[in-house]
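Counting starts at 1 for both ligands and their atoms, following the listed order. The chain is numbered in sequence order, starting from 1. Both backbone and side-chain heavy atoms feed into the values below; hydrogens, waters and symmetry mates do not.
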Amino acid sequence: MKSTVRNIRHLSLADIEAYIESIGEKKFRAKQVYEWLWLKPVRSFDEMTNISKELRLQLGQQFSLPSLRVDHTQHSQDGTFKLRFKTHDGHFAEGVLIPTVSGRYTACVSSQIGCSLSCRFCATGYMERKRNLDFDEIYDEVALLNQLCEKEYGKKLSNIVYMGMGEPLLNYKNVLKSIERITAEDGLAMSPKRITVSTAGVAKMIRQLGDDKVKFKLALSLHAANDQKRHEIMPINDTNNIKSLIEALNYFYHQTKNEITFEYILFRDLNDSLKDADELIRIYRQVPADLVNLIEYNPIDAARFEKPDEDKVEAFMFYLSKHGVNARLRRSRGKDIDAACGQLANKDN
Ligand code: SF4
């Protein structure tokens with residue numbers, strides 16, 4: 001039987017105020033409770049120390065307060081941390097903290113437990129999708145990574161990328177609501193301009209982002225610049241081909257004027273030739289994208305792909321730059337702890 005106890009973090013401040021008044025408490029108590037839920041955030045009603053014991057007891061009887069807990073922490077030689085989070089119902093998701101020499105501290109967070117899109121190069125794609133993460137669970141990932149960042153580096157997170165486990169646009173409402181809470185003054189107060197949502201390419205939902213006039217940035221995991229090659233590595237391309245994605249990205253830009261980035265993992269002998277670069281340039285010119293992130297491939301046990309030789313990577317980069325593409329090579333971080341792009345799969349190492 002489904003529990004009738006509601007998660008208190010799914011209530012707005014106004015909802016909590018209405019409840020607090022309905023039990024004869026002063027309205028300002030609601031604000032105090034709300035701050036414990038989102039600013040601290042606490043893991044149990046008992047931790048709300050400026051609230052009376054009776055009220056804490058009543059809240060505990062009326063509501064649940066499920067939250068993510070850190071189940072396992074790994075630290076890479078390059079400073080990257082990978083956290084494995086355990087949900088209240090026993091599932092696992094992973095988040096990564098990536099410090100850079102330029103002083104950026106980026107959190108990479110998951111949006112689903114597992115993934116249904118089965119991209120061939122991605123460890124998560126070989127896991128079954130169990131469920132979506134709730135918005136408060138995604139918020140917890142960011143809050144916990146922020147706490148770690150403050151403890152280890154004495155700094156707050158500077159950037160957040162939705163590039164961990166799962167396809168964010170297939171968990172649309174929770175992803176948007178999590179960003180609303182992360183950017184709220186009574187949340188983590190982060191600028192939406194420092195948040196990037198990365199999608200494998202769900203054209204309909206990219207258009208929806210445009211209609212919703214979101215303020216964060218969007219990244220498309222392109223990874224191959226023609227339909228035949230993209231189909232080989234990303235089955236989602238069968239229903240969301242490159243033409244439909246180009247149209248959706250143009251619509252998104254028209255509606256929001258927000259930055260669009262292409263992500264492109266280089267795979268040996270698959271998409272690393274200058275002919276591939278030419279096809280990529282053609283797509284880049286049809287979309288108001290301002291950056292192509294070339295990503296070093298990180299081998300995973302389940303797949304047969306390899307990364308190209310260094311001179312091939314450099315030639316690809318040089319060719320893009322020569323043709324006016326703003327391209328950047330993103331070296332992998334946290335490879336030794338399977339925290340790099342495409343490697344998240346709840347492994348312990
Ligand atoms: S790359 Fe992203 S969308 Fe594709 S299988 Fe992995 S987690 Fe899912």
Within 45° cone and under 6.0 Å: Lys257 NZ/CZ vs Tyr253 ring: yes
- Query: Should the pair Arg207 and Tyr251 be classed as cation-pi, given the thresholds of under 6.0 Å to the six-membered ring centre and 45° from the axis?
  - Reply: yes
Around atom CZ of Arg194, are there more than 12 heavy atoms from other residues, nucleotides or ligands closer than 6.0 Å? no
So the protein N/O/S atoms within less than 2.8 Å of atom 6 (Fe) of ligand 1 come down to Cys122 SG
Verify, without hydrogens or angle tests, whether Asn326 (side chain) and Asp290 (backbone) share a donor-acceptor contact under 3.5 angstrom.
-> yes
Could you check whether any side-chain heavy atom of Met234 comes within less than 4.5 Å of a side-chain heavy atom of His223, counting everything from C-beta outward? yes
Do the side chains of Val109 and Ile295 join up, straight or via other hydrophobic residues, at under 4.5 Å, putting them in one cluster? yes
